[in-house]
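Input: a single structure, listed below in structure tokens.
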Amino acid sequence: MRKINILLFSISIVLFIHPRGISAEQLIIKDDNISETVLLDHFTMPFPTDLFLDLHKVNLLMDRLEEQVYKQPKNARFDQDNKMISAKTGKKLDRNQFIDDFYSQFYLRQEEFLHIPKREVAPRVDDELLESISKNKIHTYTTMYQETNKERSQNIKIATAAIDSYVLFPGESFSFNKVVGQRTEEKGYKRAPVIVKGELAEDIGGGICQVSSTLFNAVNLKGIQMIERYSHSREVPYVPPGKDATVSWWGPDFVFKNEYNQALLIRASAKNGRMTVDIYSSENMKIK
């Protein structure tokens, strides 16, 4: 219905107004930190007439503005001292309002400026939700590591921080590789021992399989469906045989699904040679 109204509006305007020859040929698009000047005639359709707006070009313009306007929302989370860091709303371009405003400027050309319309973007996890699922601990698991191996310890701490405070909603799946991301030197990962085809080797991010394995044992619950999990080709010292979960950026992943009726909160810490994962949820949780 909205597209039909816009089309009817455009046709009615075209019957009475020809955009060429009107004084305002330029339009300055403004925001607090953005100022971009465009030529309105650049957005006319090349055929069959120059009276119609080329929406493809407008969409390209909006894509470019979106990159400058967009501000990612921040979820509520806990810091290392277990103090809550409040959520923050984000911002994005209000594309529907921008098109309406641009139509008016294109056909009427009464204003020199177009102020960029924006919309708030709510975070996935607000303070109230985080508070409601952070009191009821439903499971925990701890493994030990050698702090004297500084490279491996650093890798464990970086990966642990990546999964800490993660909230998994009902019906959603958690992918270790997606959440932790690629293990690179730019992120601070070091070369450390890894198991490759049953043999010990060294690679960037060695040691994070202890994080994924600790996480596996913490979420090994009736209401969690294991989607993807692989064991190492040889036993590892930090968990019992068959209780590990090997991961690799270019290879196996560890994926599980929340089948409870409530969101799950993952708390993870690595310090003093202890890597711990605690799982929390609402007191009203049950298997769907």
Pairs touching [range] that satisfy salt bridge (Lys or Arg N to Asp or Glu O under 4.0 Å), sequence neighbours left out:
range: residues 255-264; answer: none
range: residues 123-134; answer: R124-E172, E131-K135
range: residues 275-284; answer: K137-D278
range: residues 262-271; answer: D164-R267

Residues forming a side-chain contact (heavy atoms from CB on, under 4.5 Å) with [X], sequence neighbours excluded:
X: N284; value: Q262, S282
X: P123; value: P73, N75, A87, T89
X: P240; value: Y141, K243
X: I85; value: R77, D79

Sorted by chain and number, sequence neighbours left out, ring pair (Phe, Tyr, Trp, His ring centres under 6.0 Å) with F43 holds for F102
Under the ring pair (Phe, Tyr, Trp, His ring centres under 6.0 Å) rule, collect the residues that match up with F256, sequence neighbours excluded.
->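 Residues passing ring pair (Phe, Tyr, Trp, His ring centres under 6.0 Å) with F256: F174, F254.
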* Asked: Once you round to the nearest 0.5 Å, how far does OG1 of T143 lie from CD of Q210?
  ->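 It comes to 3.5 Å.
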One should read off an interatomic distance between M62 CE and D94 CG, to the nearest 0.5 angstrom, of 10.0 Å
| Are side-chain heavy atoms of V247 and P252 found at a separation under 4.5 Å? |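 A side-chain contact under 4.5 Å is absent here.
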### Query
Do V167 and L264 have side-chain heavy atoms sitting under 4.5 Å apart?
no
I'd like to know if the side chain of N155 pairs up with that of R191 as donor and acceptor (distance under 3.5 Å, no hydrogens or angles considered). no
Residues passing the salt bridge (charged side-chain N to carboxylate O under 4.0 Å, His left out) test with E36, sequence neighbours excluded, are R64
The remaining residues in the hydrophobic cluster of I227, counting side-chain heavy-atom contacts under 4.5 Å among Ile, Leu, Val, Met, Phe, Trp and Tyr, are V255
